[in-house]
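Small disclaimer: the values here were computed from a predicted structure and weren't measured.
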Amino acid sequence: MTKLTIQAVIDRPVETVWEIWNAPEDIKRWNAASDDWHTTASTNDLTVGGQFTNRMEAKDGSMGFDFTGTYETIVPYERIAYVLEDGRQVTIDFSRNGEQTEVIESFDAETMNPPEMQQAGWQAILDRFKAYAESKK
């Protein structure tokens, strides 16, 4: 399976980045790859064996899906690893650098879309996270 990696440096301390990454009310505000999509519902049990579900929908109502995973590793302010319903693995590393936080996300590619498209989509979501986290007071 192809492993893809995206990254961003967020101008916020790791504690703030962690909180915004994991809070359902925040997730609904940043979790979309483009302006014509949004996350309408989010649940997050941030414990090993816990699950999260983000309901992602096109704003025009034409399509939607649940993005669901089960947590395998949680190291507060450092690492989250989960497995998606289809068995793909995802790891997110948070690295403190003073008042900045580097987020590196690695994930198994699925086989329905080209890897470049998947990487661009996941990077777009991470870029939206960065913009939201840096704008939130």
Quick check: is Phe107 connected to Leu84 through a chain of hydrophobic side chains (ILVMFWY, heavy atoms under 4.5 Å apart)? yes
Between Arg96 and Glu15, does any side-chain N to carboxylate O distance fall below 4.0 Å? yes
As a quick check of understanding, evaluate side chain to side chain contact (heavy atoms under 4.5 Å, CB included) for Trp18 and Leu46, giving each step before the final call. CA-CA 11 Å; Trp18 182 270; Leu46 189 64; 3.9 Å; yes
Between the CD1 atom in Ile92 and the CZ atom in Arg79, the distance rounded to the nearest 0.5 Å is 9.5 Å
On a heavy-atom basis, the closest approach of Ala81 and Thr91 is CB-OG1, 4.0 Å
Distance, nearest 0.5 Å, that separates OH of Tyr82 from CZ of Phe52: 4.0 Å
Donor-acceptor contacts, no H, no angles, side chain residues 67-76, under 3.5 Å, sequence neighbours left out:
unit_1 : atom_1 : unit_2 : atom_2 : d
Thr68  : OG1    : Thr53  : OG1    : 3.2
Thr70  : OG1    : Gln51  : NE2    : 3.1
Tyr71  : OH     : Asn44  : OD1    : 2.6

Of the non-hydrogen atoms in Tyr77 and Val14, which two are nearest, and what is the gap between them? O-CG2, 3.4 Å
Among Thr5, Val90, Ile80, side-chain contact (heavy atoms from CB on, under 4.5 Å) partner for Glu105: Val90
Step by step, would you call Gln100 with Asp11 a side-chain hydrogen bond (donor to acceptor under 3.5 Å, both in side chains)? CA-CA 5 Å; Gln100 291 184 321; Asp11 288 325; 2.5 Å; yes
Between the side chains of Gln118 and Asn113, does any donor sit under 3.5 Å from an acceptor? no
Determine, step by step, whether Phe65 and Met56 satisfy the side chain to side chain contact (heavy atoms under 4.5 Å, CB included) criterion, reporting the C-alpha distance in whole Å, the side-chain angles of both residues, the deciding distance to 0.1 Å, and the verdict. CA-CA 5 Å; Phe65 62 93; Met56 303 178 82; 3.8 Å; yes
Taking C-beta and beyond as the side chain, do Asp93 and Val103 meet within less than 4.5 Å on heavy atoms? no
Which atom names give the shortest non-hydrogen contact between Ala33 and Gly121, and what distance separates them? CB-O, 3.8 Å
From Gln123 CD over to Leu4 CG, what is the distance, rounded to the nearest 0.5 angstrom? 11.0 Å
Working to the nearest 0.5 angstrom, can you tell me the gap between Thr111 OG1 and Arg88 CZ? 8.5 Å
Nearest heavy-atom neighbours spanning Gln7 and Ile104: CB-CG1, 3.9 Å
Sequence neighbours left out, what passes side-chain contact (heavy atoms from CB on, under 4.5 Å) with Met63? Give chain and number order. Trp37, Ala58
Closest approach of Trp30 and Ile125, non-hydrogen atoms and distance? CZ3-CG2, 3.6 Å
Between Ser135 (side chain) and Ala131 (backbone), is there a donor-acceptor pair under 3.5 Å? yes
Write down the atom of Ser106, the atom of Lys3, and the distance for their closest heavy-atom approach. CB-CD, 4.0 Å
Could you check Asn31, Asp26, Asn22, Asn54 and say which one makes a side chain to side chain donor-acceptor pair (under 3.5 Å) with Ser42? Asn54
Approximate separation, where rounding is to 0.5 Å, of Lys59 NZ and Ser34 OG: 8.5 Å
Taking C-beta and beyond as the side chain, do Glu19 and Val17 meet within less than 4.5 Å on heavy atoms? no
Please round to the nearest 0.5 Å and tell me the distance separating atom OG1 of Thr101 and atom NZ of Lys130. 10.0 Å
By side-chain hydrogen bond (donor to acceptor under 3.5 Å, both in side chains), which residues pair with Glu57, not counting sequence neighbours? Arg55
If you apply the rule side chain to side chain contact (heavy atoms under 4.5 Å, CB included), what do you find for Glu134 with Ile10, and how did you get there? CA-CA 7 Å; Glu134 289 177 352; Ile10 294 105; 3.9 Å; yes
Any side-chain heavy atom of Arg29 sitting closer than 4.5 Å to one from Tyr132? yes
